[in-house]
Amino acid sequence: MSDPAARAGAILSIDLAALCANWRVLADRVGPRSQAAAVVKADAYGLGAAHVAPALLAAGCRRFVVATLDEGIALRPLLPGADILILSGPLPGGEADFHAYGLLPVLNSPEQIAGWAAFARSSGERLAAVLHVDTGMSRLGLRLSEVRALAEDRETLSAIDLKLIMSHLACADEVGHPLNRRQLENFNAARASFPDLPGSLAASSGIFLGADWHADWVRPGAALYGVNPLPGRPNPMRQVVRLQGRILQVRDVDAGDTVGYGATHRCTAPTRLAIVAAGYADGLFRSLGNRGCGQLGEIRVPLIGRVSMDLTIFDVGAVPQTLARPGAVIDLIGPANDVDAVAQAAGTIGYEVLTALSPRYCRTYVGEALQ
Ligand SMILES: *Cc1c(COP(=O)(O)O)cnc(C)c1O
């Protein structure tokens, strides 16, 4: 069989050295009083948790966060000795799996707390868990009044070994947003009920709000993968992904020719088009049609017409023919058009660009993990 990368229509390269360097930058920024976990939910934001999580473990990360029980079960054998937090917590009756696989449930509601306490009593052990407080997002987590009530509930607390109290910021990417300070105050009020418990509030952007928000653990996700935690300001993170689409065909078009489904682009002058082997089935958003761009060598090439399921069309009239030829690759995400730039062109955020990356790409992992 030939080399999969050489025959693939599109190649997704994931730089594990850049990933680990990003984790180290964030860990150093909050250290030594606080420590950095790594959020690897949604298959490590689409980059492959089975590669990403062990690389971060080797780099020194000892606490990992996923959204669902199944994500945690898949990672458990790959992360010996590390904590794995499950953000969604147990569904009713689902407690036994958390215990069997050694996963830490995040308890988000009085019902989940009661379920975990009942399971602990029936198993005859005091069982570890994380307490989640809602401080102003109205998503998961206990209300402040419920936190105070729990602090008085000796029977429940005798069954649960709380390891951490956490909350999540709604507006951390807007540095001046008043909710950031209010959520911090609410979080500190909740912590007053559990003064001995370590705390965790900040995700990627929250780390950059300042030391007041760092508490004992921070939980970055997106910034590890190169998404800018400071929208509108220079990106302090290294790029981790590069997505290259292969040119299948280069064709000449005349003035007046239309391009792609719906004929949404009409050429105003003769030019050359490159037809690239990646489309919306690969996670290239249809909203990039007539708005996105690729990069071929030094030259930015406009994406024209609609994105099809398996194909995308670029105007390569400005590119020397020796570069724009079948078999050559165009950067769909790369150093000159990074995840955030692609997201902006598509009208979304870097998070969604990454998590949309499809399994059809040939994935290559480059850069040895830092030890
Ligand atoms: C997804 C998530 C994170 C990570 O957020 P980023 O913005 O990607 O750093 C942290 N905590 C919770 C509760 C989350 O849901």
Side-chain angles (χ1 to χ4, degrees), residues 19 22-27 29-30 34-47 49 52-53 56 61 63-69 71-72 75 83-89 103-109 112 129-142 163-175 177 179-180 183-184 186-187 190 198-209 213-231 233 235-241 339-340 343 348-357:
L19 166 86
N22 284 342
W23 181 79
R24 177 48 61 196
V25 161
L26 299 171
R29 193 175 178 98
V30 301
S34 176
Q35 298 183 64
V39 179
V40 293
K41 63 192 179 187
D43 202 25
Y45 292 46
L47 305 194
V52 162
L56 292 171
C61 183
R63 186 166 271 182
F64 293 83
V65 182
V66 294
T68 71
L69 175 61
E71 290 177 339
L75 282 181
D83 286 342
I84 303 177
L85 279 66
I86 314 292
L87 289 171
S88 60
L103 302 168
L104 259 180
V106 175
L107 303 177
N108 298 297
S109 65
Q112 286 188 329
V130 172
L131 181 64
H132 191 181
V133 188
D134 184 82
T135 52
M137 193 170 180
S138 305
R139 204 172 64 169
L140 293 176
L142 265 64
K163 297 288 192 194
L164 182 75
I165 180 167
M166 63 168 269
S167 189
H168 192 50
L169 298 168
C171 304
D173 59 343
E174 295 175 55
V175 174
H177 200 292
L179 192 51
N180 292 323
Q183 285 198 264
L184 175 62
N186 289 340
F187 185 59
S200 175
L201 180 59
S204 294
S205 294
I207 291 170
F208 295 86
L209 291 175
W213 282 263
H214 291 170
D216 300 290
W217 284 88
V218 294
R219 309 182 308 270
L224 298 175
Y225 311 113
V227 173
N228 188 357
L230 301 167
R233 291 195 276 159
N235 188 352
M237 314 317 299
R238 280 174 61 180
Q239 287 302 302
V240 174
V241 301
V339 174
D340 292 293
T348 181
I349 55 175
Y351 295 65
E352 199 183 15
V353 170
L354 293 182
T355 55
L357 295 170

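Here, residue 1 is the first one in the sequence, and each next residue gets the next number. Start at 1 and go down the list; that is how both ligands and their atoms are numbered.
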* To do: Output yes when a side-chain donor or acceptor of Q112 lies under 3.5 Å from a complementary backbone atom of N108, and no otherwise.
  => yes

* Under 4.0 Å from ligand 1, counting heavy atoms only, is it the side chain of H168, its backbone, both or neither? -> side chain

* Is L87 touching ligand 1 with its side chain, its backbone, both, or neither, if touching means heavy atoms under 4.0 Å apart? -> side chain

* Asked: What part of R139, side chain, backbone, both or neither, has a heavy atom within less than 4.0 angstrom of ligand 1?
  -> side chain

* Please answer whether the main-chain N or O of P220 pairs with a side-chain N or O of S204 as donor and acceptor at a distance below 3.5 Å. => no

* **R63 backbone acceptor or donor facing D83 side chain under 3.5 Å** => no

* Under 4.0 Å, heavy atoms only, figure out whether ligand 1 is touched by the backbone of P220, its side chain, both or neither. => backbone

* To do: Using a strict cut-off of 4.0 Å, indicate which atoms of ligand 1 neighbour a heavy atom of Y45.
  => 1 (C), 4 (C), 5 (O), 6 (P), 8 (O)

* Asked: Side chain of S167, backbone of V133: donor and acceptor closer than 3.5 Å?
  -> yes

* Nitrogen or oxygen atoms of S204 and ligand 1 under 3.5 Å apart -> yes

* Distance filter under 4.0 Å to K41 heavy atoms, resulting ligand 1 atoms -> 1 (C), 2 (C), 3 (C), 14 (C), 15 (O)

* Measure from the side-chain N and O atoms of N186 to the backbone N and O of T135, and report whether any donor-acceptor pair falls under 3.5 Å. => yes

